[in-house]
Amino acid sequence: ASMPLPEVSHKRVVLLFDCDCFYAQCEMLEHPEWRKKPLAIKQKYLVVTCNYVARKSGVRKLQSLEDAKLRCPDLIIVDGSDLTKYRAVSMRVFNVLKRFGGAAAKHERLGMDEVFVDVTRAAEEDREDEPRLMGHLFQPDPAAVRAARTLRAELNFREAPAADAKAEQSDSGSEDGDWVRDYRETASPDDAKAALADEQLCDCGCQKRLARASKIAAEARMALFKEIGLTVSCGVSTSKMLAKIAAGLNKPNKQTTLLPQHALALVHALPTRVIPGLGFGVASALRELHPPVFTCADLAREGVRPLERLLRATLKSPPAGLAKDLWQRSLACDTDAVKPFSG
DNA sequence: GGCTCACACT
DNA sequence: TAGTGTGAG
């Protein structure tokens, strides 16, 4: 009612490239004989990352070395406290990615192993009318879509390009429906899911822009593999938050497109920690509330004012506007811009 | 603007 | 872990 509604537009196109187990891959570049063996990188007495062979034996990030060795007795352990070579590989990755997305693209580094790229302009200017969607497409299940719809109704919240305005022009506009049905590469969905996807189509052109972007992502990933020998996972969506979440859906060495009209169905049930800017402290405080706030849907229902109070009680000096930003992100609306020249 | 601190990010 | 980045004051 009196809550400010999130601004939702699908106009941006954001990629997130996330190097798979970055330090471990760097070590395997120097030692190809380790590729098929379980490999962990340690700092002090902690495993900071490990390759996917090691993960099959239950080795995990931030495990104690002791635990890791118990789970995987033949684990190869490399000290990773000298970051020099990782920094060098990281810069090579960034320099390759800078070639993609055209002159108007913006590239932002996050840590050593992640790069955001805003490819809005390139995706708009692409002439291709029926771009092939590369990689995976996230498809919500019907229950998640129903839950998202309920949440939207509860909060009286409508997405900018209306999904229901489409019903009236259903006989004229079958081309978009065919386009999605024919070009997705995920495992073939059942009829219910296909119907669901068609029902949720958006007419702002975001599907085509995201598909064009998925091609840029595929080309960039190929270049990284050929020129450096690294595999990366990639998320393709309309904001940094959604691209990051999408990248995590299929790993390693896969890319995933998340259509903005499916974002709430994905986000609503996820823990509040998926929201960038909402860290360990705030997430813990939210869980202590009664009733406890666990998921993004819980946080969305909580509203801005109670969140402001919690931030004041939890943080030393909460940045202005943080509550509003976090609350909007709980509804999958993230307007944080890709900031160029951060590397 | 520059310093420290708290907090979040990898 | 070993850093980097950000906003508040």
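Here is how names work: the chains are called A, B, and so on, in the same order as the sequence lines, proteins then strands, and each is numbered from 1.
Shown here for A:Arg12 and A:Ala337, the closest heavy-atom pair between the two residues is NH1-CA, 3.7 Å. Minimum interatomic distance between A:His262 and A:Phe138 (heavy atoms only, all atoms of both residues): ND1-O, 3.7 Å.
Taking every side-chain heavy atom of A:Pro319 into account, C:dG7 is the closest of C:dA2, C:dG7, B:dA8. The nucleotide whose nearest atom lies closest to any side-chain atom of A:Val48 is, among C:dA8, C:dT1, B:dA8, C:dT1. In the set B:dT10, C:dG9, C:dA2, the nucleotide with an atom closest to the side chain of A:Leu83 is C:dA2. For A:Lys339, taking side-chain heavy atoms from C-beta onward, the closest of the listed nucleotides C:dT6, C:dT1, C:dG9 is C:dT6. Of all nucleotides listed (B:dT10, C:dG3, C:dT6), B:dT10 comes nearest to the side chain of A:Leu110. When each of C:dA8, C:dT6, C:dT1 is scored by its nearest atom to the side-chain atoms of A:Leu62, the top-ranked nucleotide is C:dT1. For A:Glu114, the side-chain atoms get nearest to B:dT10 when compared with the rest of C:dT1, C:dG7, B:dT10. Distances were taken from every side-chain heavy atom of A:Lys244 (C-beta onward) to each of B:dT10, C:dA2, B:dC9; the shortest belongs to B:dT10. Closest to the A:Lys316 side chain, of the nucleotides B:dT10, C:dG3, B:dA6, is B:dA6. Candidate nucleotides B:dC7, C:dA2, C:dG9 were compared by shortest atom distance to the side chain of A:Leu315, and B:dC7 ranks first.
Atom pair A:Ile275:CD1 and B:dC9:P shows a separation of 10 Å (rounding to whole Å applied). Rounding to whole angstrom units, CG of residue A:Leu46 and P of C:dG3 are separated by 15 Å. Between A:Leu311 atom CG and C:dG7 atom P there is a gap of 16 Å when expressed in whole angstrom units. The distance from atom CG of A:Asp113 to atom C1' of C:dT1 is 14 Å, rounded to the nearest whole Å. For the pair A:Asp82 CG and C:dG3 P, the interatomic distance rounds to 9 Å; values are reported in whole Å. What separates CD of A:Glu108 from C1' of C:dT4 is a distance of 12 Å, to the nearest Å. Rounded to a whole Å, the NZ atom of A:Lys42 is 13 Å from the P atom of C:dT1. Atom NZ in A:Lys240 sits roughly 12 Å away from atom P in B:dC9 (whole-Å rounding).
Applying the salt bridge (charged side-chain N to carboxylate O under 4.0 Å, His left out) test between A:Glu128 and each of A:Arg209, A:Arg212, A:Lys215 identifies A:Lys215 as the sole match.
Nucleic acid contact for A:Ile41: none, since no nucleic acid atom lies under 4.0 Å from a heavy atom of the residue. Using a 4.0 Å heavy-atom criterion, one finds that A:Leu278 contacts the sugar-phosphate atoms exclusively.
The phosphate of C:dA2 (OP1 or OP2) has no side-chain N or O of A:Arg87 nearer than 4.0 angstrom.
In the model, A:Ser233 has a side-chain atom that pairs as donor or acceptor with a side-chain atom of A:Asp20 under 3.5 Å.
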Practice item. Assess whether side chain to side chain contact (heavy atoms under 4.5 Å, CB included) is satisfied between A:Arg221 and A:Met134, documenting all intermediate values. Key: CA-CA 12 Å; A:Arg221 291 174 55 234; A:Met134 301 299 290; over 6 Å; no
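At distances below 3.5 Å, at least one donor-acceptor pair connects side-chain atoms of A:Lys208 with backbone N or O atoms of A:Asp129.
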